[in-house]
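The model shown is predicted, which means the values in this text are computed figures rather than measured ones.
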Amino acid sequence: MGEPLGEQHRIPVWVKALDPLSQFGLVHTLRQCPEISLIGDADLAAQRPAQSADQRIAPPVVALVAVDSLDAGAVQVLRAATQRGCRTVLIGSTIDDEALMTAVELGVSGVLRRTEATGDRIVHLVQAAAAGDGSLPPDLLGRLLGQVSRMQRQVLAPRGLSHTGLSDRETQVLRLVADGKDTQEIARELSYSERTVKNVLHDVTSRLQLRNRSHAVAYALREGLI
């Protein structure tokens, strides 16, 4: 197994199962993993979203939540963990289309069925979340893409929006900003006024809670929006 990892390199994981037996089993499984450091409720309560460079160096906390179904109690736990700045992963007994979409809307990084939750798969789920990657079983990914496609076709497209939540005009402006063009150049290329370009950028940064146009471009590129 190699030498134990230093504490600063281990992934901090907070475990919450809505039944005692599952809680015991998950804690027991993860306690055997040298790459994981279990944390308690008090540590989670002290967790805040990363803001400084020093905080970003530390591994992100991963909240591992195990439930039978994604009911109101489970949603509350996931939302609270996300608000604390955690990467959240979900193990569920029943994951229907509605639960899957709800999990995605809550920012869940990975989903695993309880019947497929071996020790190795749980560790992989946690590691993927800590690295900023998503992890879904192939059939669930297919169902999710199908839902997104239907939403795009039936709900968003008639309103001029995409599944990213950006309008075509917002996407065009961000792409040109990413190409290094200034407000005047963007206005000339798109046949908009400079005020319109500024308003578009202001709307995007305000809605997505971004600091400035550079942050907006970085966010859009990272999320694959442009």
task = Apply side chain to side chain contact (heavy atoms under 4.5 Å, CB included) to R79 and list each qualifying residue two or more places apart in sequence or on a separate chain.
result = V75, Q83, L106
Name the atoms and distances for all side-chain donor-acceptor pairs under 3.5 Å in residues 117-124, with sequence neighbours left out.
unit_1	atom_1	unit_2	atom_2	d
T118	OG1	R121	N	3.3
R121	NH1	E116	O	3.3

message = So which atom in L70 and which in A103 form the shortest heavy-atom distance, rounded to 0.1 Å?
response = CD2-N, 3.8 Å
inquiry  = Applying side-chain hydrogen bond (donor to acceptor under 3.5 Å, both in side chains), can you list everything that pairs with T196, at least two apart in sequence or on another chain?
reply    = S193
query = So do the side chains of R169 and V200 get within less than 4.5 Å of each other, counting heavy atoms only?
reply = yes
query = Pick from V204, D203, L190: which one makes a side chain to side chain contact (heavy atoms under 4.5 Å, CB included) with V173?
reply = L190
inquiry  = Please give me the minimum heavy-atom distance between V15 and L30, naming the atom from each residue.
reply    = CG2-CD1, 3.7 Å
request  = Identify the two heavy atoms, one from A17 and one from Q23, that lie closest to each other, and give their separation to 0.1 Å.
outcome  = N-OE1, 2.8 Å
task = Tell me, please, which residues at least two apart from Q184 pass side chain to side chain contact (heavy atoms under 4.5 Å, CB included).
result = D182, R188, E194
task = Determine the minimum heavy-atom distance between L26 and A66, stating which atoms define it.
result = CD1-CB, 3.6 Å
ask   = Taking side chain as C-beta onward, heavy atoms only, is I36 less than 4.5 Å from V126?
value = yes
key: Atom pair CG (L125) and CG (L64), whose distance is rounded to the nearest 0.5 Å   = 7.0 Å
query = Short question: side chain of T205, backbone of H202 - any donor-acceptor pair under 3.5 Å?
reply = yes
task = Flag the pair R31 / L38 as yes when at least one side-chain heavy-atom distance between them is below 4.5 Å, and no otherwise.
result = yes
message = Enumerate the salt bridge (Lys or Arg N to Asp or Glu O under 4.0 Å) contacts for residues 65-75, please, sequence neighbours excluded, ordered by first and then second residue.
response = D68-R114
query = For N199, what residues pass the side chain to side chain contact (heavy atoms under 4.5 Å, CB included) criterion, not counting sequence neighbours?
reply = R195
inquiry  = As an exercise, state the distance from SG of C86 to CG of L78, rounded to the nearest 0.5 Å.
reply    = 10.5 Å
remark   = Interatomic distance, CG@L201 vs CD@E170, rounded to 0.5 Å, equals 9.0 Å
message = Give me the atom names and distance for the closest heavy-atom approach of A130 to P60.
response = O-CG, 3.5 Å
request  = Please name all residues satisfying salt bridge (charged side-chain N to carboxylate O under 4.0 Å, His left out) with K181, sequence neighbours left out, ordered by chain then number.
outcome  = E189
task = Calculate, to the nearest 0.5 Å, the distance between atoms OH and CG belonging to Y192 and L176 respectively.
result = 9.5 Å
task = Decide side chain to side chain contact (heavy atoms under 4.5 Å, CB included) for L90 and V67; before the verdict, give the C-alpha distance in whole Å, the side-chain angles of both, and the deciding distance to 0.1 Å.
result = CA-CA 8 Å; L90 176 69; V67 298; 3.7 Å; yes
ask   = Can any side-chain N or O of R87 pair as donor or acceptor with the backbone N or O of A129 at less than 3.5 Å?
value = yes
query = Can you list the residues that meet the side-chain hydrogen bond (donor to acceptor under 3.5 Å, both in side chains) rule with D41, with sequence neighbours excluded?
reply = W14
In one Ile/Leu/Val/Met/Phe/Trp/Tyr side-chain cluster, 4.5 Å: V27, I11 = yes
inquiry  = Please give me the minimum heavy-atom distance between S109 and V89, naming the atom from each residue.
reply    = CB-CG1, 4.4 Å
